[in-house]
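This report concerns only the one structure given below.
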Amino acid sequence: MSIQQAIEKIEAQYGHQSEFIQAAKEIALTIKPLYDAHPEYEALKVFERLIEPDRIFNFRVNWENDKGEVQVNRGWRVQFNNALGPYKGGLRFHPTVTESVLKFLGFEQIFKNALTGLPIGGGKGGSDFDPKGKTDSEVRRFCYAFMRELHHYISKDIDVPAGDIGVGGREVSYMYAMYKNLTRESTGVITGKGVGFGGSLMRTEATGYGAVYFLENMLKAQNEDLEGKIVLVSGAGNVSLHAAEKATALGAVVVTVSDSQGTLYDKSGFNQEKTDWLKAQKQQSKPLAEYVDIYGGEWLANKKPWSIKGDIAIPSATQNEVNEDDAKLMVDNGIKYVVEGANMPLTADAIDYIRLHHVYYAPGKAANAGGVAVSALEMSQNSVRQYQTFDEVDERLKCIMKNIHDSATEASEQYGQTKNGYIDYMAGANMVGFKRVADALVAYGILN
Ligand code: NDP
Ligand code: 2IT
């Protein structure tokens with residue numbers, strides 16, 4: 001079965017899962033030169049096998065709110081592919097979570113994890129639970145109830161979850177506590193734990209910092225650096241604020257962050273004091289708009305950041321937040337580099353538009369792989385029961401992001417995707433990640 005036929009098959013079967021189809025098509029479109037060079041892939045139906053998750057667990061979560069009322073949510077864990085190692089990937093708690101969203105995230109995670117060069121397969125999970133407006137005790141009861149179900153399917157060598165949207169250190173701690181309570185194991189089965197009870201230093205910062213390390217490599221390839229560059233960041237969560245923090249530390253001027261209510265624009269840039277304020281504000285679920293009363297700048301209610309002039313965009317909120325009109329705005333406003341902090345923040349049309357206009361484009365699979373990479377380092381620290389220092393982890397992260405950058409560049413050149421000096425990071429990264437997984441599947445025969 002050709003790649004095209006495999007796509008037609010999932011469109012017929014899962015046509016309603018638009019996010020998953022979008023992610024599968026993106027890979028399909030870019031790996032063709034690699035697939036054509038390896039007839040064994042088609043002979044063993046590697047693509048057709050890879051687009052079907054190994055299994056999906058789908059469960060009900062009952063919990064009680066503060067009034068003692070019973071609440072019911074849906075939970076999932078998608079174990080997509082474990083050719084390279086235990087299933088690995090985050091848990092998302094957000095009302096927009098569906099099986100389609102988790103399948104797209106799990107599918108992307110396979111190739112992202114392969115790109116890190118570490119022994120981890122791909123998975124994702126979560127719930128349609130909405131943490132907004134919930135008290136701490138409600139979040140705690142939900143996390144306990146969620147893990148009471150999930151623990152049946154995970155273990156340190158089988159499947160190791162972590163955080164994602166709506167799941168940070170607090171939620172990970174509650175879930176880890178319930179896992180330990182039920183299994184009586186201290187194997188560190190979820191990553192992103194608190195430092196001091198199994199967590200790795202730098203895991204909190206890793207995704208945002210890693211994205212900026214990737215960007216540094218992209219700039220270097222064009223004989224540029226971050227000094228004085230104007231950066232637009234979207235989102236105001238874990239990834240966004242750490243990307244903003246690292247870009248600022250390296251000399252850039254980050255002028256926007258945003259959330260579901262609008263965009264905060266400060267043309268003088270978010271220095272460390274302002275970034276710390278933003279972190280504290282979001283931690284307490286308070287409005288970003290209050291920033292203006294303290295530090296000045298502008299609050300653009302219900303607006304995205306892309307109408308502002310800049311050199312670099314780092315969309316770091318959620319999938320499909322940048323559509324074709326936004327992409328046009330980016331190009332018109334001078335953006336030369338787009339680095340995806342989020343997973344699939346650009347629609348397919350937006351990607352086409354910016355690539356057509358030769359904007360350097362780092363797909364999430366490559367650019368935001370630093371988070372899961374440091375999760376894998378947390379797993380190895382848990383296995384040997386020793387901690388690494390902040391600087392040791394930071395050095396490993398820099399090295400991993402450089403390797404991803406360089407291997408994607410090399411593949412873009414090798415398969416003729418670099419034209420007139422334009423490095424096609426999307427094609428390059430997809431081919432490198434896909435090849436590592438596909439070669440393992442070929443070696444295994446038809447198991448896996
Ligand atoms: P957080 O929950 O910390 O922050 C999410 C941010 O995005 C918030 O500012 C939130 O706004 C905004 N947001 C979320 N959903 C929407 C939406 N539907 N519309 C508008 N704004 C939205 O999540 P993370 O920072 O962890 O994750 C952000 C992205 O990065 C996701 O795509 C995630 O998959 C990806 N990612 C995360 C990694 C990690 O290690 N955490 C690793 C790799 C990728 P508000 O506060 O108003 O809800
Ligand atoms: O999308 C992602 O890579 C994550 N949310 C992090 C996954 C992980 O296992 O650390």
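Note that ligands are numbered from 1 as they come in the structure, with each ligand's atoms numbered from 1 the same way. Reckoned from all heavy atoms, side chains included, excluding hydrogens, waters and symmetry mates.
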SB check Asp332 Lys328 (cutoff 4.0 Å): no
Charged N to carboxylate O below 4.0 Å: is that the case for Lys279 and Glu245? yes
For residues Ser375 and Thr191, is any side-chain donor paired with an opposing acceptor at under 3.5 Å? yes
Do we get Lys134 above Phe129's six-membered ring, with its NZ or CZ under 6.0 Å from the centre and within 45° of the axis?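 Yes, Lys134 lies over the aromatic ring of Phe129.
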Check for me whether Lys103 meets the cation-pi criterion with Tyr14, that is, NZ or CZ under 6.0 Å from the six-membered ring centre and within 45 degrees of the ring axis. yes
Lys124 touching ligand 2 at heavy-atom level, < 4.0 angstrom: yes
Answer with yes or no whether Gly163 contacts ligand 2, where contact means a heavy atom under 4.0 Å from a ligand atom.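 Gly163: in contact with ligand 2 (<4.0 Å).
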Side-chain (Glu340) to main-chain (Gly364) donor-acceptor, under 3.5 angstrom: yes
Please answer whether the main-chain N or O of Ala114 pairs with a side-chain N or O of Arg436 as donor and acceptor at a distance below 3.5 Å.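 Yes, the answer is positive, given that a donor and an acceptor are paired below the 3.5 Å cut-off.
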Could you grab the distance from atom NZ of Lys25 to atom CZ of Phe20, nearest 0.5 Å is fine? 12.0 Å
Spatial distance of atom OG1 (Thr263) from atom NZ (Lys303) [nearest 0.5 Å]: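 Between atom OG1 of Thr263 and atom NZ of Lys303 there are 9.0 Å.
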To which of [options] does the heavy atom nearest [atom] belong?
{"atom": "atom 45 (P) of ligand 1", "options": "Pro315, Gly168, Ser260, Gly126", "answer": "Ser260"}
{"atom": "atom 2 (C) of ligand 2", "options": "Arg92, Lys112, Lys88, Met379", "answer": "Lys112"}
{"atom": "atom 23 (O) of ligand 1", "options": "Ile165, Val372, Asp130", "answer": "Ile165"}
{"atom": "atom 2 (O) of ligand 1", "options": "Ala373, Gly166, Gly235", "answer": "Gly166"}
{"atom": "atom 33 (C) of ligand 1", "options": "Asp164, Leu288, Thr191", "answer": "Asp164"}

More than 12 heavy atoms of other residues, nucleotides or ligands under 6.0 Å from NZ of Lys398: yes or no?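 Yes, enclosed.
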What part of [X], side chain from CB on, backbone N/CA/C/O, both or neither, has a heavy atom under 4.0 Å from ligand 1?
{"X": "Ser316", "answer": "backbone"}
{"X": "Thr207", "answer": "side chain"}
{"X": "Arg203", "answer": "side chain"}

Test item, [X] contacting ligand 1 (heavy atom, 4.0 angstrom):
{"X": "Gln319", "answer": "no"}
{"X": "Thr96", "answer": "no"}
{"X": "Met344", "answer": "no"}

So, regarding [X] and ligand 1 (criterion: nitrogen or oxygen to nitrogen or oxygen, under 3.5 Å), is there a contact or not?
{"X": "Lys112", "value": "no"}
{"X": "Lys282", "value": "yes"}
{"X": "Gly163", "value": "no"}
{"X": "Ala236", "value": "yes"}

Identify the protein heavy atom lying closest to atom 7 (C) of ligand 2, giving its residue, its atom name and the separation to 0.1 Å. Gly90 N, 3.5 Å
Could you tell me which atoms of ligand 2, counted from 1 in the order shown, lie closer than 4.0 angstrom to a heavy atom of Ala162?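 Atoms satisfying the 4.0 Å criterion: 8 (C), 9 (O), 10 (O).
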Using a 4.0 Å heavy-atom cut-off, which part of Lys365 comes near ligand 2: side chain, backbone, both, or neither?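 None of Lys365 does.
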Heavy-atom distances under 4.0 Å decide this one: backbone, side chain, both or neither, for Val374 against ligand 2?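 Answer for Val374: neither.
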Exactly one of Val167, Val101, Asp128 should register a side chain to side chain contact (heavy atoms under 4.5 Å, CB included) with Arg92. Which one does? Val101
Is atom 20 (C) of ligand 1 less than 4.0 angstrom from at least one protein heavy atom?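 At least one protein heavy atom is under 4.0 Å away.
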Of all the atoms in ligand 1, which lie at a distance below 4.0 Å from a heavy atom belonging to [X]?
{"X": "Asn368", "value": "43 (C), 44 (C)"}
{"X": "Ala317", "value": "7 (O), 12 (C), 28 (C), 29 (C), 31 (C), 32 (O)"}
{"X": "Ala342", "value": "29 (C), 30 (O), 32 (O), 35 (C)"}

